[in-house]
Amino acid sequence: MKKVVKFGGSSLANAEQFQKVADIIRADEARRYVIPSAPGKRFSSDIKVTDMLYECYDIAESGKKFTAKLDKIKERYNEIIKGLGLELSLDDEFQVIHENFEKKAGSNYAASRGEYLNGIIMANYLGYEFVDAAEVIFFDENGNFDEVKTDKKLADRLKDTEKAVVPGFYGAKPDGSVKTFSRGGSDVTGSIVAKAIQADLYENWTDVSGFLVTDPRIIENPEVIETITYRELRELAYMGATVLHEDAIFPVRKAEIPINIKNTNAPQEKGTLIVAHTCHKPKYTITGIAGKKGFAAINIEKDMMNAEIGFGRKVLGIFEENDIS
Ligand code: ASP
């Protein structure tokens, strides 16, 4: 049994959260491949490390002094290392990052360091091997994800690796430069790793106990969706359900690997299971309800429109001309 487990930023925001994560991983031998995000917010007014990195890099790029900002980021990691009681120093890593910021290595490189450093801490804490995502996740020269190359490299690299930490969110282009997915992209990395190693399950650990049947800002105490198909989830995600990155569905969907959304702060809860097909009779006919504002339905009536070839295209062309999806 092989499980890929991805932990979001709030699950890794401080040492206490790291400990919860380690307990979860150690509770199940099958949790062999771990995908960490960068440290997220510790409290609501806090700043995510990824955002701190983007800001720090902007300053570096404009040629101004950025050392104080980078030190603040280092403090976040040192707080975690100290809280976990680890014999680990990231001084050399920060030296390299400082040099690369001076050399203007790019904002993708800058942002990726959040996951990279968290991965080093996580691997050290768990005693798992650290596998840099830049060695196993690939993009082509235009920045599009290279599925074929990645699948092969990942499968080869992890074949004989019993347990590993692969940082989320980034990979490398053919020239070796770092490229990130869009924001929240560690979910995508988890899904890609799960597919490449043909995992039995992809667990996505976050700070909610799964997808809710509807928006809790509108309906009080909605139930958690126990099981949902990839297809239903696409619809809900398109309509604004944001628990999982939209693109995280495609890799595992192809391989029919289920995703289990779980809560790091309430691991006993079942969460939501995302599957290819539901074989049992679902509890409810309607799985979930989501909505978006600013939609319009347009009803067109005209005699004989079925006799005119290309009528539909002409009508829809008006939307295109006016930049309406
Ligand atoms: N750390 C990145 C972000 O804040 C990626 C992720 O968390 O998945 O977007």
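Keep in mind that the numbers below use all heavy atoms, side chains included, and drop hydrogens, waters and symmetry copies. Here, residue 1 is the first one in the sequence, and each next residue gets the next number. Just so you know, ligand 1 is whichever comes first in the structure, and atom 1 is the first atom listed for that ligand.
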Practice item. With sequence neighbours excluded, tell me which residues meet salt bridge (Lys or Arg N to Asp or Glu O under 4.0 Å) with Lys302. Key: Glu308

Between ligand 1 and the protein, find all N/O pairs closer than 3.5 Å and give the distance for each.
| from | atom 1 | to | atom 2 | distance (Å) |
| --- | --- | --- | --- | --- |
| ligand 1 | 1 (N) | Thr50 | OG1 | 2.8 |
| ligand 1 | 1 (N) | Glu115 | OE2 | 2.7 |
| ligand 1 | 4 (O) | Thr50 | OG1 | 3.4 |
| ligand 1 | 4 (O) | Arg183 | NH2 | 2.9 |
| ligand 1 | 7 (O) | Ser37 | OG | 3.2 |
| ligand 1 | 8 (O) | Gly184 | O | 3.4 |
| ligand 1 | 8 (O) | Gly185 | N | 3.3 |
| ligand 1 | 8 (O) | Ser186 | N | 2.9 |
| ligand 1 | 8 (O) | Ser186 | OG | 3.0 |
| ligand 1 | 9 (O) | Arg183 | NE | 2.7 |
| ligand 1 | 9 (O) | Gly184 | N | 2.8 |

Practice item. Please name all residues satisfying salt bridge (Lys or Arg N to Asp or Glu O under 4.0 Å) with Lys41, sequence neighbours left out, ordered by chain then number. Key: none

Check your understanding: Under 6.0 Å between ring centres, would you say that holds for Tyr170 and Phe139?
Key -> no

Practice item. Could you tell me if the ring centre of Phe101 sits under 6.0 Å from that of Tyr57? Key: yes

Check your understanding: Does NZ or CZ of Arg26 lie under 6.0 Å from the centre of the six-membered ring of Tyr125, at an angle within 45° of the ring axis?
Key -> yes

Study note, to complete from the structure: Phe169 meets the ring-ring contact (aromatic ring centres under 6.0 Å, His included) criterion, sequence neighbours left out, with none

